**Q** 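What follows is a single structure, and I will ask about it in a moment.
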Amino acid sequence: MIPALSTLPALAAFIAVIAAAWGLNVAALDGGTASLPWLVREQGLYLSGLLAIGLMSLAMVLATRPTVLERPLGGMDRIFRLHKWAGILAAVFAALHWLIEMSDDVIKSLYGKAGKPAHDEFGGLYEALRDAGEELGEFAIYLVLAMVVLSLWKRFPYKFWRHLHRAMPVFYLVLAFHAAVLAPPDYWTQPVGVLLALLLAAGTVASVVALTGRIGRDRKVQGVVTAVSSPAPDVTEIVCRLDGAWRGHQAGQFAFVGFERFEGSHPFTIASADHGDRSLTFQIKALGDYTRQLASRVAVGQAVTVEGPYGRFVLGRQDHKARQIWIAGGIGVTPFLAWLDALRAEPAAAPAVELHYSTRGAAHDPFVERLRSLCAELPSVSLHIHDRATGDDLTPERLAATGTDGQRAEVWFCGPRGFGDQLKAGLARLWGRRLSFRREAFEMR
């Protein structure tokens with residue numbers, strides 16, 4: 001199994017490449033008569049601008065859901081996490097870029113104008129473009145910062161955020177223009193200019209793809225809702241049958257599902273295996289206004305649009321030489337329902353697995369009986385129900401009590417983020433290098 005790049009190392013490597021290209025240009029500079037404070041300001045302005053537009057270009061490319069990057073990055077869930085943090089860091093560097101630009105008067109008051117690099121005068125159309133780029137870029141930075149704040153504000157309704165977020169490609173194109181016309185002319189003959197040109201080209205293409213509605217278009221299929229039920233007050237089960245364009249899925253993958261045009265598509269894990277009949281089951285937890293109303297807004301016979309499948313949290317990626325521990329928390333049980341459903345086709349080939357399901361109340365949890373029914377057909381799967389209502393909490397110490405006998409343990413986790421962080425940290429402390437912890441990390445915002 002090829003290890004996937006995690007978010008922080010991937011971002012650090014990306015930033016390092018941009019900084020290295022900038023550093024090569026700085027090393028070749030002749031400082032001339034510029035004083036140190038003004039030189040630091042000028043190069044800080046360039047570096048912060050390069051990092052801001054570079055990270056924004058990366059965020060734009062990742063927003064197109066490039067399936068070719070799923071394998072190296074570990075799945076579409078991690079692509080979206082990388083997209084999110086690239087956008088946040090781009091906004092941070094854009095704000096820093098603006099602050100450095102505003103530091104002109106501060107440096108004048110402290111060190112005077114002596115040693116300030118001369119402002120290049122180009123004249124004609126190029127000078128007009130630079131002036132326009134400067135004005136538009138400042139305005140676009142404010143809008144991008146506002147958009148990032150709204151993205152991080154979880155209480156802001158998704159249906160409104162989704163439409164506002166569509167403006168991001170426009171903001172990017174404005175900032176790309178700003179970067180292109182204000183970059184030092186000597187950049188274009190240096191490695192930093194080649195890198196900047198590639199980033200701007202990639203981001204521009206991605207923006208056009210987004211603005212023309214082509215994201216995921218080759219993976220969208222139409223279908224119809226064939227069943228709607230509520231196995232629990234806060235869970236809606238929806239079964240869809242798709243048309244012949246559906247390419248099938250692997251157990252554990254997710255799809256973007258749209259029942260209403262204005263609301264748009266939402267990501268849901270497919271809770272059933274692929275049986276070749278183009279039928280998909282979704283178990284949807286009421287986690288917001290939209291999902292709480294699904295049972296009353298979706299009806300049998302209603303049209304549905306499904307885009308996918310995506311994700312690498314799939315059956316078949318397990319290390320068969322390691323002890324298998326599958327852990328689900330709440331609605332995080334959905335990929336495991338699909339895994340178990342797929343294993344039923346050939347029970348004798350199912351791996352030896354310890355499946356732990358943590359629930360707030362087993363007595364009223366519709367998934368408990370479903371899990372028991374599926375596992376009854378799979379003798380190699382040992383099911384453990386942890387009912388938090390009775391104090392039966394699943395902790396790292398409880399898992400570690402059974403030991404690994406020196407064997408490597410591979411934990412597959414899907415559930416609340418805090419619960420996963422607690423288990424991962426505790427098991428890493430108790431098992432050390434014998435532990436591989438794999439988790440679904442999907443977040444739209």
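Fair warning: this is a prediction, and the values are worked out from it, not measured in the lab. Hydrogens, waters and symmetry mates are skipped; everything else that's a heavy atom, side chains included, is used.
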**Q** Measure the shortest side-chain to side-chain distance between Trp412 and Arg317 over non-hydrogen atoms and say whether it is less than 4.5 angstrom.
**A**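 Of all side-chain heavy-atom pairs linking Arg317 with Trp412, at least one is under 4.5 Å.
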
**Q** ring-ring contact (aromatic ring centres under 6.0 Å, His included), that's the test. Do Phe254 and Phe313 meet it? Break it down for me.
**A** CA-CA 9 Å; Phe254 70 90; Phe313 194 89; over 10 Å; no

**Q** Flag the pair Gln250 / Leu315 as yes when at least one side-chain heavy-atom distance between them is below 4.5 Å, and no otherwise.
**A**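 A side-chain contact under 4.5 Å is absent here.
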
**Q** Checking side-chain polar atoms at under 3.5 Å, does His97 have a donor or acceptor matched by the opposite partner on Ser48?
**A**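 There is such a pair (donor and acceptor under 3.5 Å, judged by atom type) between the side chains of His97 and Ser48.
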
**Q** Are Glu307 and Arg217 ion-paired here, with the side-chain N under 4.0 Å from a carboxylate O?
**A**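 Between Arg217 and Glu307 there is no salt bridge, as every charged N stays at least 4.0 Å from the carboxylate O atoms.
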
**Q** Do Thr305 and Gln222 have side-chain atoms, one donor and one acceptor, less than 3.5 Å apart?
**A**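 Yes - a donor-acceptor pair under 3.5 Å links their side chains.
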
**Q** Is any NZ, NE, NH1 or NH2 atom of the basic residue among Glu377 and Arg344 found under 4.0 Å from an Asp or Glu carboxylate oxygen of the other?
**A**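 Counted as a salt bridge, because a side-chain N and a carboxylate O are separated by less than 4.0 Å.
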
**Q** For Asp243, is there an ion pair with Arg278 - N to carboxylate O distance below 4.0 angstrom?
**A**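 No, Arg278 and Asp243 are not salt-bridged.
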
**Q** What class does the angle between the rings of Trp98 and Tyr142 fall in, given that below 30° is parallel, 30 to 60° is tilted and above 60° is perpendicular?
**A**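 Rings of Trp98 and Tyr142: perpendicular, over 60°.
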
**Q** Check whether any side-chain heavy atom of Val228 lies under 4.5 Å from a side-chain heavy atom of Leu294, and answer yes or no.
**A**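 No - every pair of side-chain heavy atoms lies 4.5 Å or more apart.
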
**Q** Look only at the side chain of Thr291 and the backbone of Leu287, and say whether a donor-acceptor pair between them is shorter than 3.5 Å.
**A**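 Judged by distance alone, yes, a pair lies under 3.5 Å.
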
**Q** Report the C-alpha separation of Leu136 and His178 in whole Å, then their side-chain angles, then the decisive distance to 0.1 Å, and conclude whether the side chain to side chain contact (heavy atoms under 4.5 Å, CB included) test is met.
**A** CA-CA 7 Å; Leu136 290 172; His178 169 88; over 6 Å; no

**Q** Between the side chain of Arg372 and the main-chain N/O of Phe367, is any donor-acceptor distance below 3.5 Å?
**A**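 Not a single qualifying donor-acceptor pair exists.
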
**Q** Ignoring hydrogens and angles, tell me if any N or O in the side chain of Arg312 forms a donor-acceptor pair with the backbone of Arg71 under 3.5 Å.
**A**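 Between the backbone of Arg71 and the side chain of Arg312 there is no qualifying donor-acceptor contact (under 3.5 Å).
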
**Q** Apply side chain to side chain donor-acceptor pair (under 3.5 Å) to Asp365 and Thr359, showing your working.
**A** CA-CA 7 Å; Asp365 191 319; Thr359 173; 2.6 Å; yes

**Q** Are the side chain of Trp326 and the backbone N or O of Val353 linked by a donor-acceptor pair below 3.5 Å?
**A**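 Here the side-chain-to-backbone pair does not exist.
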
**Q** For Gly252 and Pro335, work out which heavy atoms get closest and say how close.
**A**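 Heavy-atom minimum between the residues: CA-CB, 4.0 Å.
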
**Q** In terms of side-chain heavy atoms, does Gln318 have a donor or acceptor partner in Gln324 at a distance below 3.5 Å?
**A**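 No, Gln324 and Gln318 have no side-chain donor paired with an acceptor closer than 3.5 Å.
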
**Q** Look at the side chain of Thr226 and the backbone N and O of Val239, then say whether any donor-acceptor pair between them is shorter than 3.5 Å.
**A**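 Yes, the answer is positive, given that a donor and an acceptor are paired below the 3.5 Å cut-off.
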
**Q** Quick one, Ile238 and Val225 - any side-chain contact, counting heavy atoms below 4.5 Å?
**A**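 Yes. Closest side-chain heavy atoms under 4.5 Å.
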
**Q** Any donor and acceptor pair, going by atom type alone, linking the side chain of His249 with main-chain N or O of Ser272 inside 3.5 Å?
**A**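 Flag set: sc His249 to bb Ser272 pair under 3.5 Å.
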
**Q** Would you give the length of the straight line joining atom CD1 of Ile215 to atom CZ of Arg166, rounded to the nearest 0.5 angstrom?
**A**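 Ile215 atom CD1 to Arg166 atom CZ measures 10.0 Å (nearest 0.5 Å).
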
**Q** Which value, rounded to the nearest 0.5 Å, describes the distance between Arg370 atom CZ and Leu337 atom CG?
**A**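 So the gap between those two atoms works out to 6.5 Å.
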
**Q** Distance from Thr269 atom OG1 to Phe336 atom CZ, nearest 0.5 Å?
**A**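 Spacing of OG1 (Thr269) from CZ (Phe336) equals 10.0 Å.
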
**Q** For Ala183 and Arg130, which heavy atoms make the closest approach, and how far apart are they?
**A**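 Scanning both residues completely, I find the closest heavy atoms to be O-NH1, 4.2 Å.
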
**Q** Using side chain to side chain donor-acceptor pair (under 3.5 Å), reason through Thr204 and Tyr172 one step at a time and then give a plain yes or no.
**A** CA-CA 8 Å; Thr204 299; Tyr172 172 81; 4.7 Å; no

**Q** Is there side-chain contact between Thr212 and Val208, with heavy atoms separated by less than 4.5 Å?
**A**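 Counting from C-beta outward, Thr212 and Val208 do come under 4.5 Å.
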
**Q** Which atom pairs, one a donor and one an acceptor, fall under 3.5 Å between side chains of residues 10-29 and the rest of the protein, sequence neighbours left out?
**A**
from, atom 1, to, atom 2, distance (Å)
Trp22, NE1, Gln43, OE1, 3.1
Asn25, ND2, Asp186, OD2, 3.4

**Q** Look at the side chain of Glu134 and the backbone N and O of Leu182, then say whether any donor-acceptor pair between them is shorter than 3.5 Å.
**A**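 No; zero donor-acceptor contacts below 3.5 Å.
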
**Q** Considering non-hydrogen atoms only, spot the tightest contact between Ser380 and Pro351 and give its length.
**A**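 Answer, listing the atom of Ser380 first, then Pro351: OG-O, 2.8 Å.
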
**Q** Can you list the residues that meet the salt bridge (Lys or Arg N to Asp or Glu O under 4.0 Å) rule with Arg214, with sequence neighbours excluded?
**A**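 For Arg214, no residue satisfies salt bridge (Lys or Arg N to Asp or Glu O under 4.0 Å) once neighbours in sequence are set aside.
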
**Q** Hey, mind stepping through Cys375 and Leu355 against side chain to side chain contact (heavy atoms under 4.5 Å, CB included) and telling me if it holds?
**A** CA-CA 9 Å; Cys375 292; Leu355 174 57; 4.1 Å; yes

**Q** If you compare all heavy atoms of Leu145 against all heavy atoms of Ala91, which two are closest, and at what distance to 0.1 Å?
**A**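 Closest approach of Leu145 to Ala91, heavy atoms only: CD2-O, 3.4 Å.
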
**Q** Can you name the nearest heavy-atom pair linking Ile53 to Ala179, along with the distance?
**A**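 Distance-wise, the nearest heavy atoms are CG1-CB, 4.1 Å.
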
**Q** Which value, rounded to the nearest 0.5 Å, describes the distance between Ser57 atom OG and Leu199 atom CG?
**A**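 Here the rounded value is 5.0 Å.
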
**Q** Looking at Pro309, is its backbone amide N or carbonyl O close enough to the side chain of Arg219 to form a donor-acceptor pair, meaning the two atoms are under 3.5 Å apart?
**A**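 Such a contact is found between Arg219 side chain and Pro309 backbone.
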
**Q** For Trp188 and Gln190, test the side chains for any donor-to-acceptor distance below 3.5 angstrom and give the result as yes or no.
**A**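 Distance-only check fails for Trp188 and Gln190.
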
**Q** Is the closest side-chain heavy-atom distance between Cys240 and Val224 below 4.5 Å?
**A**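 No; the side chains remain at least 4.5 Å from each other.
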
**Q** Less than 6.0 angstrom from the centroid, inside 45 degrees of the normal: does Arg65 satisfy that with respect to the ring of Phe80?
**A**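 Here Arg65 fails the 6.0 Å and 45° test against Phe80.
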
**Q** As a quick check of understanding, evaluate side chain to side chain donor-acceptor pair (under 3.5 Å) for Ser382 and His384, giving each step before the final call.
**A** CA-CA 7 Å; Ser382 174; His384 305 270; 3.1 Å; yes

**Q** Can you check whether Lys84 reaches Arg81 side chain to side chain, under 4.5 Å on heavy atoms?
**A**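 No. Closest side-chain heavy atoms not under 4.5 Å.
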
**Q** Find the distance between CG (Leu200) and OG (Ser207) and round it off to the nearest 0.5 Å.
**A**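 Interatomic distance, Leu200 CG to Ser207 OG, rounded to 0.5 Å: 10.0 Å.
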
**Q** Run the salt bridge (Lys or Arg N to Asp or Glu O under 4.0 Å) check on Arg323 and Glu410 step by step: do they pass?
**A** CA-CA 6 Å; Arg323 173 187 172 193; Glu410 186 176 54; over 6 Å; no

**Q** Taking the side chain as every heavy atom from C-beta outward, state whether His266 and Phe256 have any atom pair closer than 4.5 Å.
**A**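 A side-chain contact under 4.5 Å is absent here.
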
**Q** Any chance you could measure Leu62, atom CG, to Leu69, atom CG, to the nearest 0.5 Å?
**A**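 Output value for this atom pair is 6.5 Å.
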
**Q** Within the distance-only criterion (no hydrogens, no angle test), does the side chain of Gln253 pair as donor or acceptor with the backbone N or O of Gly311 below 3.5 angstrom?
**A**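 Judged by distance alone, yes, a pair lies under 3.5 Å.
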
**Q** Output yes when a side-chain donor or acceptor of Arg439 lies under 3.5 Å from a complementary backbone atom of Gly415, and no otherwise.
**A**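 A pair under 3.5 Å: no.
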
**Q** Could you list the residues that satisfy side chain to side chain donor-acceptor pair (under 3.5 Å) with Asp234, not counting sequence neighbours?
**A**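 Once residues adjacent in sequence are excluded, the partners of Asp234 under the side chain to side chain donor-acceptor pair (under 3.5 Å) criterion are Lys285.
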
**Q** For the pair Glu260 and Arg297, find out whether any cationic side-chain nitrogen is under 4.0 Å from an anionic carboxylate oxygen.
**A**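 Looking at Arg297 together with Glu260, the answer is yes, because their closest N to O distance falls below 4.0 Å.
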
**Q** Between Phe413 and Phe419, how do the two ring planes meet: parallel, tilted or perpendicular, split at 30° and 60°?
**A**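 Perpendicular, since the angle between the ring planes exceeds 60°.
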
